[in-house]
Amino acid sequence: MSDSKYFTTTKKGEIYELKADLNSDKKEKKKEAVKKVIASMTIGKDVSSLFPDVVNCMQTDNLELKKLVYLYLMNYAKSQPDMAIMAVNTFVKDCDDTNPLIRALAVRTMGCIRVDKITEYLCEPLRKCLKDEDPYVQKTAAVCVAKLFDINPQLVEDQGFIDQLKDLLTASNPMVVANAVAALSEISEASPSGSALFDLNSQTINKLLTALNECTEWGQIFILDSLANFTPKDEKEAQSICERVTPRLAHANAAVVLSAVKVLMKFMEMMNPTGDYIDTLVKKLSPPLVTLLSAEPEVQYVALRNINLIVQKRADILKHEMKVFFVKYNDPIYVKLEKLDIMIRLASQGNIAQVLAELKEYATEVDVDFVRKSVRAIGRCAIKVEQSAERCVSTLLDLIQTKVNYVVQEAIVVIKDIFRKYPNKYESIIATLCENLDTLDEPEARASMIWIIGEYAERIDNADELLESFVEGFQDENSQVQLQLLTAVVKLFLKRPQNTQELVQSVLTLSTQNSDNPDLRDRGYIYWRLLSTDPAAAKNVVLAEKPLISEETDLIEPTLLDELICYIGSLASVYHKPPSAFVEGRSNTRRALPIRSAGSGSASPEPSTPQKAPETTVIPTTPAPENDLLGDLLNLDLGPTNQQFMSPAPAAPPQQQDSSSFDLLGGGLDSLLDTQAPTQSSPAMVLGGPTPQAAHPPVAAAPPGSLGVLGDNLGLELLLENLLHQKSFGLVPMSPLNISSPLNANQQIDASLQLVISPTHMQRMDPLMNLQVAIKNNIDVFYFSALIPMYLFCTPDGTMDKRYFLQSWKDIPSQNEAAFVLTNINLTTDAIQEKLAKNNIFTVAKRHVEGQDMLYQSMKLVNNVEILAELKVQPGNPTLNLAIKSKVVDVAASVHHSFLLILHG
Amino acid sequence: MHPVVATSKKNANVAMVFSLLHKLVQVFMEYFRELEEESIRDNFVIIYELLDELVDFGYPQTTDGKILQEYITQEGQKLEVAPKPPPAITNAVSWRSEGVKYRKNEVFLDVIESVNLLVNTNGNVLRSEIVGAIKMRVFLSGMPELRLGLNDKILFENTGRGKSKSVELEDVKFHQCVRLSRFENDRTISFIPPDGEFELMSYRLNTHVKPLIWIESVIEKHSHSRVEYMIKAKSQFKRRSTANNVEIIISVPSDVDSPKFKTTVGYAKYMPQENHVIWTIKSFPGGKEYLMRAHFNLPSVEAEEQEGKPPIAVKFEIPYFTTSGIQVRYLKIIEKSGYQALPWVRYITQNGDYQIRVL
């Protein structure tokens with residue numbers, strides 16, 4: 001028997017013939033006709049005109065025919081809603097059939113007909129089917145509730161179907177329980193009231209755990225996924241659930257295993273990190289994860305993406321399993337690339353030799369993407385495992401000798417990072433690198449090479465010639481290369497001012513006058529101004545010691561990682577993006593890992609009180625740069641050489657004097673920044689000292705032409721929209737910026753924006769205290785950023801009990817301590833205390849030792865980070881010693897900065 | 001190759017979706033033997049019916065091929081004799097129907113161990129692991145309760161037989177019929193089996209034994225003229241065992257010609273489509289060493305495209321032997337009618353992913 005014949009008729013009058021056949025008295029002919037209709041529908045032909053004729057066939061004693069008619073209905077009911085009503089009677093009748101297959105078929109199909117009028121008729125049959133004696137019908141009805149919710153959520157709530165579903169959770173049949181769980185999870189996820197609808201309590205959890213042992217593999221996944229959304233009340237409950245979930249790790253279905261892993265990874269957060277049970281779980285998790293790598297390639301890929309998250313969260317789990325991630329020749333490329341990533345994550349001193357040997361083999365394969373990533377991986381190893389750096393460098397040099405173009409380019413990119421990590425160690429290889437200069441055609445490699453030349457300009461004899469040859473083609477370079485070239489030339493000039501001033505002059509001109517890239521122009525101006533005002537300062541800034549680069553690259557940001565752990569096994573875990581980034585529609589509530597309660601108090605962080613911004617008076621600053629300062633490069637004094645520039649000073653770009661637009665944006669900028677200050681600090685201080693980006697980029701960001709238009713058209717309507725990002729502390733605007741439009745030319749408006757702290761928007765930023773602002777008007781979007789002093793985020797409840805202070809001080813490891821010297825502070829100890837306390841930095845204790853005052857101080861940030869400080873004051877001496885300790889090391893610099901601002905201000 | 005695709009508008013459980021797609025293919029294969037455009041056209045009506053039972057609103061439902069065949073058949077049905085949903089669909093035992101009957105009650109157990117090996121160009125073993133599977137063919141009446149006893153190290157230690165010869169299984173995966181919590185508690189493997197053929201369990205362990213078949217190769221390539229291979233194969237298992245149907249697969253450049261071979265045993269064949277040579281040895285006893293030499297001409301003009309260096313692969317089967325030493329100690333069969341049934345056990349070791357990298 002073959003159905004393929006139904007696809008083949010395409011002659012004229014086909015629909016007419018089908019119509020006749022559908023209305024035939026002969027059953028066989030009827031069935032053949034319906035099959036032809038379905039075949040046409042399947043390949044996308046429109047057969048909706050046959051609707052009444054097909055529906056007429058619905059009342060049949062032939063099950064196969066009935067299924068086909070139902071299929072047709074599902075597809076076309078929406079286009080013929082009025083006629084679809086004709087089918088309702090049969091549906092209702094079928095829901096009462098003696099055969100459970102028919103009852104289930106009817107309720108399943110009705111749920112898929114998305115016609116309002118039909119759904120009204122669906123309620124009664126559905127209610128009956130949810131109570132059906134046959135579990136096959138019941139489990140089908142459970143899913144139907146979720147379908148109905150998708151069409152009409154209000155109807156489902158009004159009709160009490162959700163309560164009926166909840167009742168099914170205690171049904172005796174495991175399949176019914178599983179489908180009810182699935183439906184409830186879907187509904188609660190889709191519902192605006194969210195989890196309130198599906199509130200799991202310990203009793204239901206117990207019921208679910210029992211069903212877990214009995215239902216199908218798919219049902220187990222539904223149950224495990226909903227368990228993962230449950231937050232146990234304490235460690236004990238978490239542990240007892242884990243004990244009943246761990247056997248699932250031995251299931252043959254990879255999805256069951258991953259869902260079980262998700263539950264375990266989540267609940268582990270609630271357990272004592274040094275306890276034995278965590279240890280047991282860590283040991284149990286490793287083997288099943290390894291076994292997933294023997295699954296089908298697609299499943300392997302999902303497993304690898306998840307393992308990538310898991311090892312970032314808990315490095316212990318797979319630390320001894322490096323070898324299973326070695327690449328096999330016949331692995332698909334997507335598996336190979338993922339394995340490489342995990343190899344780097346697991347690389348350590350103990351296994352680095354093996355890893356390197358592997359990477360070296362991979363780097364000689366033929367797949368370009370794989371080879372590139374392997375070369376890059378060698379560099380990452382060097383940075384991660386110091387002991388291996390030398391071997392990595394020599395491996396990279398070997399690879400450069402192969403002269404395979406893309407290998408050389410990748411190697412140069414990573415060698416730049418190695419130089420950053422280990423300065424003054426491997427510079428002997430620069431000569432070899434320079435040999436390959438001509439072959440570099442990728443922007444990243446060119447930029448890296450240029451960086452190397454600039455950074456080591458004093459050791460490369462012909463650095464000026466090399467850079468000069470790059471500068472010749474400046475305008476054709478990619479912006480990444482241009483930026484790097486600009487910096488490198490300035491470095492060269494500062495290191496070897498003889499004979500290079502022409503070069504630096506030309507690069508500065510190219511960057512500031514011939515480029516419409518705002519970043520490049522900005523950087524060009526900053527250098528220019530620095531060089532012209534204070535060359536010594538320029539030296540200090542441009543040639544400053546660079547901070548070390550971190551060991552791990554490509555790490556996922558911790559809050560995102562935590563969120564993704566809650567989504568193990570799902571698309572989010574494969575994309576490494578939160579669902580809100582790719583799922584359309586309502587904004588999902590973010591999932592977060594449960595927090596281990598420290599025995600006392602509530603586990604949830606206290607909601608931080610939004611700091612109210614007081615009325616602010618906006619003091620317009622004059623951000624327009626002084627011309628003479630910018631242009632005058634004539635009086636440059638660069639150390640002993642006393643070289644002077646001969647070139648005339650360039651005129652400042654005309655748009656900088658366009659005060660109409662400038663004031664508008666400048667004023668807006670000030671008011672924006674000012675409103676964040678809860679205290680009476682002046683706006684200049686809020687800006688956080690010299691942050692050149694914040695001082696004038698709105699102008700630099702604007703394309704020159706569009707601003708001119710503004711000046712010509714008086715009363716041009718300006719739409720201003722602003723966007724703020726300060727994610728480290730979750731700062732968001734309280735209300736949109738209120739500006740009465742339109743704005744006339746030369747008109748200046750001050751507007752203030754109140755900001756609140758929103759814990760749901762917290763995400764670490766770099767630099768930590770960066771406030772990113774975007775102002776959108778009908779010309780363009782202007783971006784700028786400003787640093788917010790950290791004390792603005794100190795909460796009024798930051799004071800601490802003495803004993804707690806002492807304990808915390810001891811608990812924080814000494815490597816977290818940062819010491820600073822504060823100079824020029826002519827205040828008495830009491831005045832210091834008072835000033836700090838006003839800004840929520842509290843003195844916990846004060847001691848007088850050997851003529852010095854020791855102040856022990858505490859503060860708490862809105863994200864509950866606690867910071868301890870010790871301030872040493874010698875009366876009469878304007879120099880203070882400050883020591884800062886916090887579990888979060890990154891805050892030290894910002895705290896130091898805050899102290900300076902408060903005490904100097 | 002036809003891809004099978006699923007779409008979703010939500011943050012779907014993608015692991016489940018992939019598992020389901022593989023399961024769908026498996027069910028369709030059980031129904032139509034092959035899954036290709038033609039078989040899909042030929043069976044589109046039943047595919048619709050099957051999809052209806054397999055997935056509902058994106059939620060996988062009944063995916064057991066045997067159970068589905070009880071009520072979704074290729075023959076058209078009259079409603080009067082229409083099938084009811086088999087109770088198995090919603091039962092706790094969703095993989096077996098009641099009322100199965102055999103005149104002769106028998107169970108066949110195959111313990112199949114696949115050896116995965118990865119050797120790098122220096123001859124160092126990077127990975128050596130065994131992936132074992134216990135496959136069953138069950139011809140038993142009624143609803144039998146089975147219990148399988150293995151020489152599992154943890155079980156032996158728990159029950160005070162720590163000194164007996166046992167095997168440490170690193171990870172075990174079970175068919176859904178096995179009671180997982182029972183195994184977690186006391187390492188008992190107890191289950192009501194599906195009818196017919198299925199994989200009861202799989203296990204994985206790392207081995208520290210010598211690779212069963214060891215390959216050494218010397219490849220001399222003289223660009224623009226010729227390439228020569230010297231391959232040495234060594235069997236490193238006990239003399240009383242024999243590897244059957246051994247195939248050693250050596251990749252050669254795509255532009256070689258004029259193959260010449262010399263072997264001490266077996267025969268070699270050049271497969272131009274696959275760009276490799278297969279050296280076949282029908283019977284390879286333990287503790288032996290064989291040689292093969294191959295010679296090819298290379299064209300004077302070299303191909304521009306750079307070619308990869310696929311590793312040497314080996315295929316083999318060693319009957320009556322397991323590398324891990326795993327043993328089936330007993331299989332207890334209890335059915336309420338009280339019949340006697342005999343279990344038959346077979347052991348076999350074969351190659352899994354067996355790769356030796358070449359320079």
Side-chain angles (χ1 to χ4, degrees), chain A residues 1-4 7 35 39 42 61-64 67 71 99-101 108 135-136 139-140 143 146-147 173-175 182 213-214 216-218 221 225 246-248 250-255 258 287-288 290-291 294 296 298-299 302 323 326 328-329 361 365-366 567 569-572 574 579 583, chain B residues 8-16 18-19 22 38 41-45 48-49 52 56-57 59-61 63 71 74 76-80 82-85 89-90 92 94 118 120-121 126-127 131 170-176 179-181 183-184 202 204 306-308 310-311 353 355 357:
Chain A
M1 180 189 109
S2 163
D3 296 339
S4 54
F7 289 102
K35 281 190 182 178
T42 304
D61 55 359
N62 186 303
L63 186 57
E64 191 187 11
K67 284 183 179 174
L71 211 57
N99 187 340
L101 268 186
R108 186 164 61 215
Y136 179 76
K139 68 123 187 163
T140 311
V143 175
K147 293 178 187 168
N173 187 292
M175 186 86 171
N213 285 325
E214 293 172 343
T216 66
E217 47 198 321
W218 313 111
I221 299 169
D225 283 354
T246 36
R248 297 298 121 196
H251 202 289
N253 187 322
L258 269 179
V290 172
T291 302
S294 328
E296 300 87 354
E298 303 84 26
V299 178
V302 174
K323 285 182 172 182
F326 285 175
K328 288 185 287 191
Y329 186 79
E361 286 203 30
E365 287 207 15
V366 282
Y567 292 113
S570 75
L571 280 172
V574 172
V583 178
Chain B
S8 172
K9 285 197 281 186
K10 301 194 306 172
N11 179 29
N13 183 330
V14 65
M16 180 178 87
F18 281 143
S19 298
H22 280 287
E38 201 184 335
R41 276 175 176 279
D42 285 349
N43 298 285
F44 81 96
V45 174
Y48 271 128
E49 286 190 56
D52 236 12
D56 192 7
F57 201 45
Y59 293 104
Q61 300 290 307
T63 54
Y71 68 112
Q74 271 135 315
Q77 298 135 350
K78 291 274 179 204
L79 205 55
E80 303 90 76
K84 304 261 166 173
I89 296 181
T90 51
S94 62
L118 185 60
N120 74 4
T121 48
L126 298 178
R127 263 177 84 191
V131 176
E170 240 166 82
D171 190 35
V172 194
K173 291 278 174 283
F174 291 106
H175 184 269
Q176 60 167 326
R179 297 181 181 94
L180 297 180
S181 38
F183 179 75
E184 177 84 6
S202 64
R204 185 178 54 79
Q306 208 194 342
E307 284 180 28
D353 210 331
Q355 302 187 354
R357 293 184 190 154

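Atom set for the values below is all heavy atoms of this structure, side chains included, hydrogens, waters and symmetry mates excluded. In what follows, chains are A, B, ... by sequence order, proteins preceding strands, each numbered from 1. Remember, it's a predicted structure, so these values are computed and weren't measured experimentally.
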Please rank [options] by heavy-atom pairs under 4.5 Å with chain A and give me the top one.
| options | answer |
| --- | --- |
| B/P310, B/P311, B/S94 | B/P310 |
| B/E38, B/H22, B/H175 | B/H22 |
| B/S8, B/G308, B/P60 | B/P60 |

pair [X]-[Y]: side-chain heavy atoms closer than 4.5 Å:
| X | Y | value |
| --- | --- | --- |
| B/Y48 | A/T42 | yes |
| A/N213 | B/R179 | no |
| B/K10 | A/S570 | no |
| A/N253 | B/Q176 | no |
| A/V290 | B/D171 | no |

One option among A/P174, A/P100, A/A250, A/A255 has the most heavy-atom pairs under 4.5 Å with chain B, and it is A/A250

Top residue by heavy-atom pair count (under 4.5 Å) with chain B, among A/S294, A/A254, A/A146? A/A146

Toward chain A, the part of [X] with a non-hydrogen atom under 4.5 Å:
| X | result |
| --- | --- |
| B/V45 | both |
| B/Q355 | side chain |
| B/L126 | both |
| B/R357 | side chain |
| B/F44 | both |
| B/E307 | backbone |
| B/S202 | neither |
| B/D353 | side chain |

Against A/T291, only a single residue in B/R204, B/K173, B/E170 fulfils side chain to side chain donor-acceptor pair (under 3.5 Å); can you say which?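 Among B/R204, B/K173, B/E170, the one that satisfies the side chain to side chain donor-acceptor pair (under 3.5 Å) with A/T291 is B/R204.
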
Treating B/Q61 as the side-chain partner and B/Y59 as the backbone partner, does any N or O pair qualify as donor plus acceptor under 3.5 Å?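 Yes, because the side chain of B/Q61 sits within donor-acceptor range (under 3.5 Å) of the backbone of B/Y59.
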
Counting only heavy atoms closer than 4.5 Å, note whether A/E217 contacts chain B via side chain, backbone, both or neither.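 For A/E217, backbone and side chain are both near chain B.
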
Between B/D52 and A/K67, does at least one N-O distance fall below 4.0 Å, as a salt bridge requires? no

Minimum heavy-atom separation for A/L571 to B/N11, with atom names?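 It is N-OD1, 3.1 Å.
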
